[in-house]
Amino acid sequence: MKEQILSILPDSCPWREHLHWFESIDSTNLRAKEMAKQGAPHGTVLIAGCQTGGRGRGDRSFSSPAGLGMYLSVILRPGCAPRDLMHLTCAAAVAGCDAVMQAAGFRPRIKWTNDLVVGKQKLGGILTELSVDPKTGLVDYAIVGIGINCLQKEEDFPPQLQQIATSLSMVCNQQITPVTMASAMIETLARLDLADKKTILAQYEKGCMTLGKEIVLVRGEEVLYGTAVGLDPDGGLIVRFRDGTVRPVNSGEVSVRGMYGYV
Ligand code: BTN
């Protein structure tokens with residue numbers, strides 16, 4: 001598989017060098033963190049054929065059956081302050097949409113903050129994690145994990161996901177393999193200029209289907225209602241609450257649902 005991915009990736013892609021393929025793994029994000037702690041360099045890419053403990057935001061699981069999805073994590077060492085990386089999930093979402101466009105010829109939408117969606121269904125998700133060096137206060141490493149459903153048919157998803165999940169095959173009726181998807185994903189992630197926050201957030205805003213929608217915000221036991229009215233300069237969601245107050249929320253604080261279901 002590694003050879004197949006390398007044969008598709010352009011020679012100019014700077015991340016060809018540290019590519020790791022795992023037939024089966026607990027979670028590429030978890031393993032990426034272990035490798036980062038052991039000193040793996042910027043641009044180290046981990047790809048798995050299946051994950052036995054694929055994770056999503058809020059400690060949810062991410063369905064990762066063998067051979068049907070793309071499961072990929074990248075180690076970044078941007079050497080910046082954590083506040084300069086607040087938009088990392090947004091950046092990865094834009095790269096995810098670019099990669100799907102490149103591999104499958106259509107552009108998913110983004111459900112704030114980290115889901116790639118088509119119509120009312122989830123195509124994939126992003127899980128970013130940061131570690132800060134306590135001595136310098138700078139980011140030691142960041143992990144960007146992305147999962148995209150590629151070849152699943154409806155019955156390949158667990159019953160509770162069948163109404164809300166989709167795959168590249170289901171959307172475009174073509175067999176876009178995890179290898180093809182991973183190659184495109186590596187290319188678009190490697191091209192991201194994280195320092196150019198303005199451009200990234202402008203692209204994110206264009207692709208974000210949550211904006212303008214009435215939403216439900218869930219914070220622990222608390223449920224709040226509002227309208228998503230914009231993005232703040234870090235990619236936080238600006239919400240007009242029912243009591244008239246307007247303030248940004250961040251993805252660590254709340255999870256967002258549509259008024260009538262997942263989107
Ligand atoms: C979400 O849906 O909330 C995010 C899902 C992220 C899944 C990817 S698959 C590759 C990487 N490894 C993981 O365990 N999670 C991410």
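Heads up: numbering here begins at 1 and tracks the sequence. All of these numbers come straight from a predicted model, not from anything done at the bench. The analysis underlying the following values was restricted to heavy atoms, covering all of them including side chains, and did not include hydrogens, waters or symmetry mates.
Annotation for Glu222: atom CD counts as buried by contact number, over 12 foreign heavy atoms lying within 6.0 Å. Residue Gln163 places its CD atom among 12 or fewer non-hydrogen atoms of other residues, nucleotides or ligands, all under 6.0 Å distant. More than 12 heavy atoms of other shown residues, nucleotides or ligands fall within 6.0 angstrom of atom CG in Asp243. Counting non-hydrogen atoms of neighbouring residues, nucleotides and ligands closer than 6.0 angstrom, the NZ atom of Lys120 reaches no more than 12 such neighbours. More than 12 heavy-atom neighbours from other residues, nucleotides or ligands sit within 6.0 angstrom of CZ on Phe241. For Arg16, the CZ atom sits in a packed shell: over 12 heavy atoms of surrounding residues, nucleotides or ligands are nearer than 6.0 Å.
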Inset, instruction - Please lay out, stage by stage, how Glu34 and Lys37 fare under the test salt bridge (Lys or Arg N to Asp or Glu O under 4.0 Å). - result: CA-CA 5 Å; Glu34 289 164 8; Lys37 280 182 199 149; over 6 Å; no
Inset, instruction - For the pair Leu161 and Ser63, evaluate side chain to side chain contact (heavy atoms under 4.5 Å, CB included) and give the outcome as yes or no after the intermediate values. - result: CA-CA 9 Å; Leu161 296 184; Ser63 168; 4.0 Å; yes
Inset, instruction - Evaluate salt bridge (Lys or Arg N to Asp or Glu O under 4.0 Å) for Asp84 paired with Lys197, printing each intermediate quantity in order. - result: CA-CA 9 Å; Asp84 295 329; Lys197 211 183 206 183; 5.3 Å; no
Inset, instruction - Apply side chain to side chain contact (heavy atoms under 4.5 Å, CB included) to the pair Ile143 and Val74, showing each step before the final yes or no. - result: CA-CA 6 Å; Ile143 309 294; Val74 178; over 6 Å; no
Inset, instruction - Just do the side chain to side chain contact (heavy atoms under 4.5 Å, CB included) check on Trp15 and Glu187 with the steps written out, would you? - result: CA-CA 8 Å; Trp15 290 359; Glu187 269 195 78; over 6 Å; no
Legend entry - Step-by-step side chain to side chain contact (heavy atoms under 4.5 Å, CB included) determination, Ile238 to Arg247: CA-CA 5 Å; Ile238 302 174; Arg247 68 173 180 90; over 6 Å; no
Inset, instruction - Check the pair Glu214 / Arg257 against salt bridge (Lys or Arg N to Asp or Glu O under 4.0 Å), numbers first and verdict last. - result: CA-CA 9 Å; Glu214 286 189 76; Arg257 281 190 275 122; over 6 Å; no
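Annotation: the span from Ser169 atom OG to Lys153 atom NZ amounts to 8.0 Å, rounded to 0.5 Å. Distance CG/Leu123 to CE/Met170: 10.0 Å, rounded to 0.5 Å. To the nearest 0.5 Å, the span separating CG on Leu211 from NZ on Lys206 amounts to 13.5 Å. Thr52 contributes atom OG1, which lies 5.5 Å from atom CG of Asp26 (distance to the nearest 0.5 angstrom). Separating the CG atom in Leu85 from the SG atom in Cys80 is a distance of 4.5 Å, to the nearest 0.5 Å. In this structure, NZ on Lys111 lies 13.5 Å from CD on Gln121, to the nearest 0.5 angstrom.
Both Ile215 and Trp112 sit in one connected hydrophobic cluster of ILVMFWY residues. Membership requires side-chain heavy atoms under 4.5 Å apart, directly or through other members. By the rule that hydrophobic residues join a cluster once side-chain heavy atoms approach within less than 4.5 Å of another member, Val100 and Ile8 end up as members of one cluster. Both Met70 and Val171 are part of a single hydrophobic cluster, where members link through side-chain heavy atoms under 4.5 Å apart. Residues Ile25 and Leu127 fall into different hydrophobic clusters, defined by Ile, Leu, Val, Met, Phe, Trp and Tyr side chains chained together at heavy-atom separations under 4.5 Å. Both Val94 and Ile186 belong to a single network of hydrophobic side chains, linked directly or stepwise wherever heavy atoms of I, L, V, M, F, W or Y lie under 4.5 Å apart.
Between the side chain of Asp196 and the backbone N or O of Asp193, no donor-acceptor pair lies under 3.5 Å. When atom types are taken as modelled, the side chain of Ser73 and the backbone of Gly145 share no donor-acceptor pair closer than 3.5 angstrom. Panel note: side chain Thr136, backbone Leu138; a donor-acceptor pair is recorded below 3.5 Å. Between the His87 side chain and the Leu194 main chain, a donor and an acceptor come within less than 3.5 Å of each other. Side-chain atoms of Asn114 never come within 3.5 Å of backbone atoms of Gly125 as a donor-acceptor pair (strictly under, hydrogens ignored). Remark: the backbone N or O of Gly236 is paired with a side-chain donor or acceptor of Asp232 at under 3.5 angstrom. Here the side chain of Asn29 pairs no donor or acceptor atom with the backbone of Glu129 at under 3.5 angstrom. Within the 3.5 Å criterion, the main-chain N or O of Pro10 finds no donor-acceptor partner in the side chain of Ser12.
Smallest separation of non-hydrogen atoms from Ala91 and Leu192: O-CD1, 3.7 Å. Leu19 and Ile47 get closest at one heavy-atom pair: CD1-CD1, 4.1 Å. Arg107 and Met101 make their closest contact through N-SD, 3.8 Å (heavy atoms, listed as atom of the first residue, atom of the second, distance). Looking at every heavy atom in both residues, Val239 comes nearest to Gly226 through CG1-CA, 4.0 Å. The two atoms that bring Thr44 and Ala40 nearest to each other are OG1-CB, 3.8 Å, heavy atoms only. The heavy-atom pair separating Leu168 from Ala104 by the smallest distance is CD2-CB, 4.2 Å.
Using a 4.5 Å heavy-atom threshold, the side chains of Cys150 and Ser167 count as separate. Side-chain contact between Met209 and Val117 is present, with at least one heavy-atom pair separated by less than 4.5 Å. Proximity of Val223 to Leu217: side-chain heavy atoms (C-beta onward) are nowhere separated by under 4.5 Å. By the 4.5 Å heavy-atom criterion applied to side chains, Val216 and Leu224 are not counted as neighbours. Put simply, the side chain of Val45 does not reach to within 4.5 Å of the side chain of His20, judged on heavy atoms. Looking at Leu189 and Met185, their side chains come closer than 4.5 Å, going by heavy atoms from C-beta outward. Val179 has its side chain out of reach of Trp21: every pair of non-hydrogen atoms, C-beta onward, lies at least 4.5 Å apart. Here the side chains of Phe157 and Asn149 are in contact, with some heavy-atom distance below 4.5 Å.
For the pair Arg77 and Tyr141, the cation does not sit on the ring face, since its NZ or CZ is not both under 6.0 Å from the ring centre and inside 45° of the axis.
Of the candidates Arg57, Arg109, Lys122, Lys122 is the only one forming a salt bridge (Lys or Arg N to Asp or Glu O under 4.0 Å) with Asp115.
Side-chain contact, Thr89 with Thr113: no donor N or O sits under 3.5 Å from an acceptor N or O. Under the 3.5 Å distance criterion, with hydrogens and angles disregarded, a donor-acceptor pair is assigned to the side chains of Gln51 and Thr28.
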